[in-house]
Amino acid sequence: MYQTRIYYEDTDCGGIVYHSNYLKYCERARSEWFFSQGILPQQNNIGFVVKNMTLDFLSPAKLGDLLTIHTEILEQKNVSITLKQTILRDSLQKNSLEKSDSKPIFTAIITLVCLESTTQRITKIPQWAKEIFQISH
């Protein structure tokens with residue numbers, strides 16, 4: 001789980017989050033899996049790149065909202081991992097600092113492949129990454 005607040009820089013002049021920012025929030029959540037274990041997401045020239053994405057924009061996030069990004073593993077293979085990432089919104093009530101109920105506003109199904117960056121070749125997921133996925137699952 002990863003949380004972020006929506007700031008003015010994230011939005012258009014109407015206070016609505018730019019669509020591309022949802023991908024940034026998901027990427028940050030995936031990186032936090034590793035950072036929370038004291039490990040960088042790329043080690044010894046091995047890292048992960050996006051192979052495929054299916055995105056579903058359900059409702060807009062707005063200035064001041066607190067977003068929670070949940071990541072779950074759908075499938076793990078030798079060289080790839082498929083994740084479902086869901087963004088939930090906790091809106092601030094007008095004239096109050098109380099949060100309203102959380103609700104899903106965005107989902108993404110993302111397939112990542114493991115890549116050796118110097119050769120640009122797909123490679124098997126190393127043990128250090130498998131362990132991070134086990135901890136997070």
Side-chain angles (χ1 to χ4, degrees):
M1 181 178 80
Y2 170 76
Q3 288 190 312
T4 190
R5 171 92 48 211
I6 301 302
Y7 296 95
Y8 189 72
E9 68 187 21
D10 298 317
T11 67
D12 60 19
C13 64
I16 305 294
V17 171
Y18 293 110
H19 69 280
S20 60
N21 285 342
Y22 294 91
L23 299 178
K24 291 180 186 180
Y25 306 144
C26 287
E27 179 70 39
R28 290 174 190 168
R30 292 192 307 272
S31 294
E32 276 300 321
W33 262 3
F34 294 92
F35 296 148
S36 68
Q37 299 301 313
I39 297 174
L40 292 175
Q42 180 177 338
Q43 292 188 25
N44 302 320
N45 299 319
I46 303 288
F48 293 87
V49 295
V50 173
K51 179 182 183 272
N52 190 4
M53 289 183 167
T54 302
L55 310 175
D56 195 3
F57 296 87
L58 305 170
S59 180
K62 299 176 183 176
L63 182 63
D65 288 346
L66 180 64
L67 303 183
T68 302
I69 299 89
H70 290 278
T71 304
E72 64 180 289
I73 297 171
L74 297 180
E75 181 178 43
Q76 186 173 344
K77 296 182 178 179
N78 286 333
V79 299
S80 68
I81 187 165
T82 301
L83 308 170
K84 179 179 182 183
Q85 292 191 275
T86 304
I87 299 180
L88 303 172
R89 178 183 62 221
D90 292 322
S91 298
L92 290 175
Q93 297 289 342
K94 288 187 176 184
N95 304 322
S96 172
L97 293 179
E98 292 182 29
K99 293 187 294 184
S100 65
D101 294 332
S102 295
K103 70 175 192 172
I105 61 167
F106 175 86
T107 60
I109 305 297
I110 301 171
T111 300
L112 305 170
V113 294
C114 190
L115 189 79
E116 202 286 330
S117 62
T118 56
T119 63
Q120 296 292 296
R121 293 183 188 255
I122 294 172
T123 188
K124 287 185 178 180
I125 297 173
Q127 188 60 37
W128 58 265
K130 288 180 182 179
E131 289 172 6
I132 295 297
F133 298 143
Q134 295 286 329
I135 292 168
S136 302
H137 195 253

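The first residue in the sequence is number 1, and the count goes up from there.
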[Y] and [X], any side-chain heavy atoms less than 4.5 Å apart:
| X | Y | answer |
| --- | --- | --- |
| E32 | T71 | no |
| I16 | K62 | yes |
| F35 | L40 | yes |
| F106 | V17 | no |

What's the spacing between [X] [atom1] and [Y] [atom2] if we round to 0.5 Å?
| X | Y | atom1 | atom2 | answer |
| --- | --- | --- | --- | --- |
| K130 | Q76 | NZ | CD | 7.0 Å |
| I87 | Q3 | CD1 | CD | 12.0 Å |
| H70 | L83 | NE2 | CG | 14.5 Å |
| Y2 | L67 | OH | CG | 9.5 Å |
| I125 | I81 | CD1 | CD1 | 5.5 Å |
| L88 | I69 | CG | CD1 | 8.5 Å |

Taking all non-hydrogen atoms of both residues, which atom of [X] and which atom of [Y] are closest, and how far apart?
| X | Y | answer |
| --- | --- | --- |
| W128 | Q43 | CZ2-CB, 3.8 Å |
| D10 | R5 | OD2-O, 3.7 Å |
| Q85 | C26 | NE2-O, 3.1 Å |

> So does E27 pair up with K24, basic N to acidic O under 4.0 Å?
Replying inline: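 No, this pair does not count.
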
With no hydrogens and no angle check, is any side-chain donor or acceptor of [X] less than 3.5 Å from a backbone partner on [Y]?
| X | Y | value |
| --- | --- | --- |
| R121 | L115 | no |
| Y22 | I105 | no |
| Q120 | S117 | yes |
| E116 | T123 | no |

> In a check of side-chain contact (heavy atoms from CB on, under 4.5 Å) between S80 and each of I122, L112, V113, which one passes?
Replying inline: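 Single pass found, and it is V113.
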
>> Is a donor from one side chain sitting under 3.5 angstrom from an acceptor on the other, for T111 and T82?
In response: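 T82 and T111 do have a side-chain donor-acceptor pair below 3.5 Å.
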
>> Please say yes or no: joined through hydrophobic side-chain contacts below 4.5 Å, possibly via intermediate residues, are Y18 and Y25 part of one cluster?
In response: no

>> Quick check on the hydrophobic clustering: are L23 and F34 connected, directly or via other members, by side-chain heavy-atom contacts under 4.5 Å?
In response: yes

>> As a quick check of understanding, evaluate side-chain contact (heavy atoms from CB on, under 4.5 Å) for I39 and E131, giving each step before the final call.
In response: CA-CA 11 Å; I39 297 174; E131 289 172 6; over 6 Å; no

Sequence neighbours left out, cut at 3.5 Å: what donor-acceptor pairs do the side chains of residues 44-56 make with other protein atoms?
none

